[in-house]
Amino acid sequence: MAKKKIQNNTVFLHFITLFLSISSLSVSAARIVPLLQNYGKPIFKSNFHSLYDTSNYGVFQLTNGLALTPQMGWNSWNFFACNINETVIKETADALISTGLAELGYDYVNIDDCWSSVTRNLKGDLVPDRKTFPSGIKALADYVHGKGLKLGIYSDAGVFTCQVRPGSIFHEHDDADLFASWGVDYLKYDNCYNLGIPPKKRYPPMRDALNETGHKIFYSICEWGVDDPALWAGKVGNSWRTTDDINDTWASMTTIADLNDKWASYAGPGGWNDPDMLEVGNGGMTYQEYRAHFSIWALAKLAVVDLRTTDSLGVQGRKVQVSGIDGCSQVWAGPLSGNRLAVALWNRCSKAANITASWEALGLESGIHVSVRDLWQHKVTNGDAVSSISAQVDSHALQLYILSPSTASYSVQ
């Protein structure tokens with residue numbers, strides 16, 4: 001069963017990005033150098049820094065050296081839910097290698113809920129389900145590490161996980177020590193059965209416990225955006241869910257994109273907004289909708305922009321222009337390293353539409369010339385664009401570009 005599912009869904013399943021986080025070896029706060037300090041004239045307008053505001057980033061970020069770019073990989077939940085076992089995880093690790101996705105940076109293999117037995121053992125430890133993970137998590141981690149990949153695991157900041165397996169609240173130190181002894185590289189920490197204790201009180205204890213193990217584990221805060229974690233989670237973990245769970249529908253995906261956009265100024269290297277995992281390939285949306293989904297998640301998190309490299313700048317892209325009925329014709333954009341811009345023309349209308357992104361809307365000086373690379377066509381479509389770009393975009397489709405200013409045009413100003 002598992003082998004057939006993986007073979008039939010390899011490409012789409014492994015488009016799923018994990019929005020992980022990291023535990024720090026130090027919980028001290030540090031102010032980070034402004035991300036866009038070198039971005040200005042002659043290429044960018046005076047409104048550039050307010051348009052791509054990063055003023056809320058860097059005040060509380062953890063100086064742990066990890067999560068400098070958004071983390072990517074695969075998570076079991078959106079496709080397999082509780083129907084997981086060690087064979088699924090091993091075959092997924094194999095698929096990340098054989099498809100070449102690992103070379104693109106998809107190196108996390110994350111086990112979500114249902115990996116553990118329904119009760120702790122007599123010592124009070126979490127125990128892998130003997131039927132589905134008979135070899136144990138340590139052996140599985142060794143297998144995944146042998147592929148050059150990383151293993152993630154799941155727990156909950158409550159008395160039970162969402163599928164009513166033992167949670168880790170009040171067991172943080174024992175569970176963190178156990179995860180470290182298994183060689184786990186990442187922890188997704190959920191929010192079910194939380195006893196009504198505020199997230200700000202429940203999530204730091206696991207951070208501290210992970211730190212004390214001396215083993216670096218990405219710490220992914222999954223509190224569903226309940227308490228606006230972008231405002232406080234930068235000093236706790238290195239990613240935080242900004243929304244409730246996604247589902248495999250156009251309505252859910254677009255709603256989450258908009259909600260996550262609100263917190264763009266808080267994200268950057270070391271601390272990322274998490275709009276939940278991709279649903280690409282799971283069957284609930286059209287091909288064009290999935291392509292838009294993947295593109296916006298990439299732009300919003302800079303998870304992977306040209307499908308070959310992860311951008312090192314780490315400024316979250318955002319919505320910069322809307323028009324049409326209910327603002328359904330949209331332009332999203334975000335700065336990249338090397339004075340480049342990623343630009344998405346997104347048609348959320350019911351009919352095809354012509355969408356234009358002006359240099360004014362993008363924060364570019366009016367006389368700047370750029371080359372335009374279409375990321376889905378994998379080619380330069382305009383080698384010398386000036387003042388704006390535009391395209392006819394089908395309903396629920398998205399065109400994604402990288403704009404690279406011409407060196408010769410810098411002398412215009």
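- Taking OG1 from T69 and CD from Q71, the interatomic distance works out to 7.5 Å, rounded to the nearest 0.5 Å.
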Steps toward side chain to side chain donor-acceptor pair (under 3.5 Å) verdict (W240, N273): CA-CA 5 Å; W240 41 86; N273 291 319; 2.7 Å; yes
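- Atom CG of L178 sits about 14.5 Å away from atom NE2 of H173, to the nearest 0.5 Å.
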Taking distance alone, no hydrogens or angles, what donor-acceptor pairs closer than 3.5 Å link side-chain atoms of residues 142-153 to residues at least two apart or in another chain?
{"from": "D142", "atom 1": "OD1", "to": "K138", "atom 2": "NZ", "distance (Å)": "3.0"}
{"from": "D142", "atom 1": "OD2", "to": "K138", "atom 2": "NZ", "distance (Å)": "3.0"}
{"from": "Y143", "atom 1": "OH", "to": "D94", "atom 2": "OD1", "distance (Å)": "2.7"}
{"from": "Y143", "atom 1": "OH", "to": "D94", "atom 2": "OD2", "distance (Å)": "3.1"}
{"from": "H145", "atom 1": "ND1", "to": "A141", "atom 2": "O", "distance (Å)": "3.2"}
{"from": "H145", "atom 1": "NE2", "to": "G183", "atom 2": "O", "distance (Å)": "3.3"}
{"from": "H145", "atom 1": "NE2", "to": "D185", "atom 2": "OD2", "distance (Å)": "2.7"}
{"from": "K147", "atom 1": "NZ", "to": "D94", "atom 2": "OD1", "distance (Å)": "3.1"}

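- Not a single donor-acceptor pair under 3.5 Å links the side chain of D394 to the backbone N or O of A397.
- Between F218 and Y108, a ring centre-to-centre spacing shorter than 6.0 Å is recorded.
- Within a 6.0 Å radius of CG in L195, other residues, nucleotides and ligands contribute more than 12 heavy atoms.
- When all heavy atoms are compared, the tightest approach of L345 to Y401 is CD1-CE1, 3.8 Å.
- Considering T243, D190, D244, N191 as possible partners of W224, the one that fulfils the side-chain hydrogen bond (donor to acceptor under 3.5 Å, both in side chains) test is D190.
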C222 and Y154: side-chain contact (heavy atoms from CB on, under 4.5 Å), yes or no, with the steps? CA-CA 10 Å; C222 184; Y154 167 99; over 6 Å; no
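- Nearest heavy-atom pair, D227 versus P199, reported as atom, atom and distance to 0.1 Å: CB-CG, 4.0 Å.
- Under the 3.5 Å distance criterion, the side-chain polar atoms of Q330 are left unmatched by any main-chain donor or acceptor of A344.
- Listed for the Y57 side chain is a donor-acceptor partner under 3.5 Å among the backbone atoms of P269.
- Here the closest non-hydrogen pair linking C192 and T161 is CB-C, 4.1 Å.
- Taking 4.5 Å as the limit, some side-chain heavy atom of L101 sits within range of a side-chain heavy atom of L96.
- The backbone N or O of D248 sits nowhere less than 3.5 Å from a side-chain atom of S252 that would complete a donor-acceptor pair.
- Annotation: the span from T87 atom OG1 to F133 atom CZ amounts to 9.0 Å, rounded to 0.5 Å.
- A heavy-atom distance below 4.5 Å is not found between the side chains of M253 and E279.
- Sorted by first and then second residue, the pairs that involve residues 346-364 and meet salt bridge (charged side-chain N to carboxylate O under 4.0 Å, His left out), not counting sequence neighbours, are K45-E360, D258-R348.
- Looking only at distances, no side-chain donor or acceptor of N194 sits under 3.5 Å from a matching main-chain atom of A157.
- The minimum heavy-atom distance between W263 and A230, with the atom names listed, is CE3-CB, 3.7 Å.
- When only modelled atom types and interatomic distance are considered, N110 and Y186 share a side-chain donor-acceptor pair under 3.5 Å.
- The minimum heavy-atom distance between A251 and T254, with the atom names listed, is O-OG1, 3.2 Å.
- Aromatic ring pairs are classed by plane angle as parallel below 30°, tilted from 30° to 60° and perpendicular above 60°; the pair W250 and H396 is parallel.
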Applying side chain to side chain donor-acceptor pair (under 3.5 Å) to W115 and S76, what does each step give before you reach the verdict? CA-CA 10 Å; W115 64 268; S76 60; over 6 Å; no
In sequence, state the C-alpha distance, the side-chain angles, and the governing distance for I389 and T381, and then conclude on side-chain contact (heavy atoms from CB on, under 4.5 Å). CA-CA 11 Å; I389 60 170; T381 56; over 6 Å; no
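- Counting only distance, with no hydrogens or angles, the side chain of D53 and the backbone of S265 share no donor-acceptor pair below 3.5 Å.
- In this structure, Y203 contributes its side chain and P198 its backbone to no donor-acceptor pair below 3.5 Å.
- W297 and H293 have perpendicular rings, their planes meeting at more than 60° on a 0 to 90° scale where under 30° would count as parallel.
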Report the C-alpha separation of F44 and I368 in whole Å, then their side-chain angles, then the decisive distance to 0.1 Å, and conclude whether the side-chain contact (heavy atoms from CB on, under 4.5 Å) test is met. CA-CA 9 Å; F44 304 106; I368 289 295; over 6 Å; no
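- For OH of Y39, the number of neighbouring non-hydrogen atoms (other residues, nucleotides, ligands) closer than 6.0 Å is greater than 12.
- Ion pairing between a basic and an acidic side chain is recognised when a charged N comes within 4.0 Å of a carboxylate O; D113 and R165 show no such pairing.
- Using a 4.5 Å heavy-atom threshold, the side chains of I246 and P275 count as separate.
- No side-chain heavy atom of S406 sits under 4.5 Å from any side-chain heavy atom of D384.
- Results of the side-chain contact (heavy atoms from CB on, under 4.5 Å) test with S404 over R373, R340, H369 single out R340 as the only residue that passes.
- The shortest distance between side-chain heavy atoms of I43 and L364 falls below 4.5 Å.
- Of the possible donor and acceptor atoms, none in the side chain of W182 sits under 3.5 Å from a partner among the backbone N and O of G136.
- Interatomic distance, OH of Y52 versus CG of L341, reported as 5.0 Å (0.5 Å rounding).
- I296 contributes atom CD1, which lies 13.5 Å from atom CD1 of I256 (distance to the nearest 0.5 angstrom).
- A heavy-atom distance below 4.5 Å is found between the side chains of V331 and L362.
- For the pair W332 (side chain) and G317 (backbone), a donor-acceptor distance under 3.5 Å is absent.
- Of the options N260, D228, D261, a side-chain hydrogen bond (donor to acceptor under 3.5 Å, both in side chains) to T242 is made by N260 and by none of the others.
- Looking at R291 and L398, their side chains never come closer than 4.5 Å, going by heavy atoms from C-beta outward.
- Minimum heavy-atom separation, I169 to E172: CA-OE2, 3.5 Å.
- N347 places a side-chain N or O within donor-acceptor distance of the main-chain N or O of C349, the cut-off being under 3.5 Å.
- The side-chain contact (heavy atoms from CB on, under 4.5 Å) test with W77 is passed by exactly one of D245, D112, I111: D112.
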If you apply the rule side-chain contact (heavy atoms from CB on, under 4.5 Å), what do you find for C162 with D156, and how did you get there? CA-CA 8 Å; C162 297; D156 191 283; 4.0 Å; yes
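- A heavy-atom distance below 4.5 Å is found between the side chains of Y266 and L231.
- Rounding to the nearest 0.5 Å gives a distance of 11.5 Å between CE of M206 and CD1 of I221.
- In this structure W359 satisfies the ring-ring contact (aromatic ring centres under 6.0 Å, His included) test with no other residue, sequence neighbours excluded.
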